Amino acid sequence: MRRFDFVTLKLFVSIADEGRLTAAAEREHLALAAVSKRISDLESHFGTSLLYRRPRGVELTPAGHAFLHHARRILENLERLSAELSEYGEGVKGHVRMHSNTSAIIAFLPRDLSTFSQRYPQVKIDLQERVSSDVIAAVRDGLTDVGIFAGHVPCDSLQLLPYRSDRLVLVTPVDHPLATYDSLAFHEATRYDFVGLQQDTSLQALLHEQAGQAGETLRMRIQVRSFDGICRMIHHGLGVGILPEKTIYRDLRDLKLRSIPLSDTWAKRELVIGIRRYSGLSLIARHLVDHLADSAASCLA
């Protein structure tokens with residue numbers, strides 16, 4: 001047996017699920033002798049046992065567990081391939097995977113992806129919201145084609161293109177002592193309680209880093225998962241927060257909030273487009289990257 005096929009992979013998964021060769025044979029509509037032969041050939045091919053034969057069934061050996069892990073992944077990828085190719089038959093002419101941080105999804109991507117979809121109506125965009133560090137990891141590991149994330153987060157080995165700029169602002173209740181300021185430095189707010197995002201976000205890491213450099217400790221009172229949650233907590237007087245300016249325009253109208261620009265140089269934050277290698281992208285993914293880069297350039301013009 002020089003190679004194993006998808007039938008054998010599926011059979012092995014069934015054996016692991018059922019715990020008995022006879023049950024797996026019935027599930028896969030194969031003769032018991034054929035099942036035994038396939039497993040024996042598989043073990044001979046690798047030169048190791050994949051199953052422990054017990055009086056009442058079988059159990060996986062350590063090698064069997066390793067094989068099962070990869071078999072499941074291969075079959076899942078095969079199903080995904082089948083689903084994506086079926087979309088082409090239904091008129092979808094391309095599929096681009098994209099991960100982005102929350103700031104870009106709220107402030108910039110809706111308009112940019114709308115104009116892209118108008119130009120390429122038969123292209124499917126699979127967009128997932130992630131924190132910047134997770135976006136970088138997904139691009140690096142090939143789990144997504146295009147990523148958008150905060151430019152200050154280290155991302156060795158990726159090709160980067162500028163996307164957008166945004167400014168961080170302090171958000172307070174309208175009756176807060178700092179609400180009268182036209183602008184202020186971040187360290188002037190650190191004596192107050194803060195409402196912020198969960199710890200693994202790039203924005204939260206940046207704030208803790210800057211507080212430490214100023215010799216201060218960020219007094220986190222509440223941590224939530226969304227910018228909207230931060231604004232609502234601030235509205236009810238539970239603290240102040242730092243947010244990208246262009247993500248809070250709706251909340252300033254709906255809630256009693258005040259937005260105060262930060263004077264710190266690091267408060268101007270860059271968002272970047274990250275890819276593994278432009279030449280390695282599919283044609284339609286390159287079109288998307290070009291469209292996003294052109295949109296960014298037109299905003300700077």
Side-chain angles (χ1 to χ4, degrees), residues 1-99 120 122-130 134-147 157-158 275-289:
M1 178 180 178
R2 294 185 178 181
R3 62 174 65 89
F4 47 88
D5 53 28
F6 293 117
V7 173
T8 302
L9 294 178
K10 193 168 183 289
L11 173 62
F12 193 85
V13 171
S14 294
I15 292 172
D17 290 342
E18 300 291 343
R20 294 186 302 123
L21 295 184
T22 53
E26 292 174 3
R27 175 168 154 179
E28 299 301 326
H29 307 290
L30 294 171
L32 180 59
V35 170
S36 298
K37 180 69 164 58
R38 282 182 176 270
I39 297 304
S40 295
D41 287 347
L42 194 61
E43 291 176 322
S44 297
H45 175 72
F46 289 111
T48 187
S49 296
L50 300 177
L51 299 174
Y52 293 123
R53 276 71 173 178
R54 307 295 191 196
R56 296 186 178 181
V58 295
E59 296 177 9
L60 300 185
T61 66
H65 281 289
F67 185 82
L68 175 65
H69 169 74
H70 291 287
R72 289 192 191 279
R73 292 193 64 178
I74 291 170
L75 292 173
E76 287 170 1
N77 287 336
L78 181 63
E79 290 180 3
R80 189 176 298 113
L81 171 63
S82 178
E84 291 184 10
L85 289 180
S86 69
E87 291 174 347
Y88 283 82
E90 296 168 2
V92 178
K93 300 303 182 184
H95 178 205
V96 184
R97 301 168 302 167
M98 186 175 187
H99 286 194
Y120 301 99
Q122 293 181 304
V123 173
K124 177 182 176 181
I125 299 175
D126 177 10
L127 174 62
Q128 297 189 34
E129 182 177 348
R130 295 288 187 270
D134 288 347
V135 175
I136 293 169
V139 176
R140 183 181 292 128
D141 295 343
L143 301 177
T144 191
D145 303 308
V146 183
S157 78
L158 297 187
I275 53 178
R276 294 177 73 185
R277 192 177 71 258
Y278 183 84
S279 60
L281 294 174
S282 66
L283 177 61
I284 200 62
R286 293 200 298 270
H287 284 327
L288 177 58
V289 170

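Predicted, not measured: the structure shown is a model, and the values here were computed from it.
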- Message: Classify the ring geometry of Tyr120 against His287: parallel below 30°, tilted from 30° to 60°, perpendicular beyond 60°.
- Response: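 Rings of Tyr120 and His287: parallel, under 30°.
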Under 4.5 Å between any side-chain heavy atoms of [X] and [Y], yes or no?
X	Y	result
Leu30	Lys37	no
Arg276	Val139	yes
Thr8	His45	no
Leu21	Ile15	yes
Leu51	Leu60	yes

- Task: Could you list all the salt bridge (Lys or Arg N to Asp or Glu O under 4.0 Å) pairs where at least one residue sits in residues 67-78, not counting sequence neighbours?
- Result: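 Counting only pairs at least two positions apart or across chains, the salt bridge (Lys or Arg N to Asp or Glu O under 4.0 Å) contacts touching residues 67-78 are Asp17-Arg72.
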Has [X] got a side-chain atom pairing as donor or acceptor with [Y]'s backbone, closer than 3.5 angstrom?
X	Y	answer
Glu43	Leu50	yes
Asp141	Leu143	no
Thr144	Arg97	yes

If you take all heavy atoms of [X] and [Y], which pair is closest and at what distance?
X	Y	answer
Arg286	Ser279	NH1-O, 4.0 Å
Ala63	Ser49	CB-O, 3.8 Å
Phe12	Gly64	CE2-O, 3.6 Å
Ala138	His99	CB-ND1, 3.3 Å
Val135	Gly147	CG1-CA, 3.6 Å
Asp145	His95	OD2-O, 4.4 Å

- Those residues that, when tested against Ser40, pass side-chain contact (heavy atoms from CB on, under 4.5 Å) (two or more places apart):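 Ser40: no side-chain contact (heavy atoms from CB on, under 4.5 Å) contacts found.
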What's the separation between atom [atom1] in [X] and atom [atom2] in [Y], rounded to the nearest 0.5 Å?
X	Y	atom1	atom2	value
Glu59	His65	CD	NE2	8.0 Å
Leu11	Ile39	CG	CD1	5.0 Å
Glu18	Glu28	CD	CD	9.0 Å
Arg20	Leu32	CZ	CG	10.5 Å
Lys10	Ile74	NZ	CD1	15.0 Å

- Query: Going through the checks in order, is the side-chain contact (heavy atoms from CB on, under 4.5 Å) test met by Leu68 and Val13?
  - Reply: CA-CA 6 Å; Leu68 175 65; Val13 171; 3.9 Å; yes
- Task: Under the side-chain contact (heavy atoms from CB on, under 4.5 Å) rule, what do Asp41 and Arg38 come out as? Steps first, then yes or no, please.
- Result: CA-CA 5 Å; Asp41 287 347; Arg38 282 182 176 270; 5.8 Å; no
- Within 6.0 Å of CZ in Phe6, more than 12 heavy atoms from elsewhere: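 12 or below, so no.
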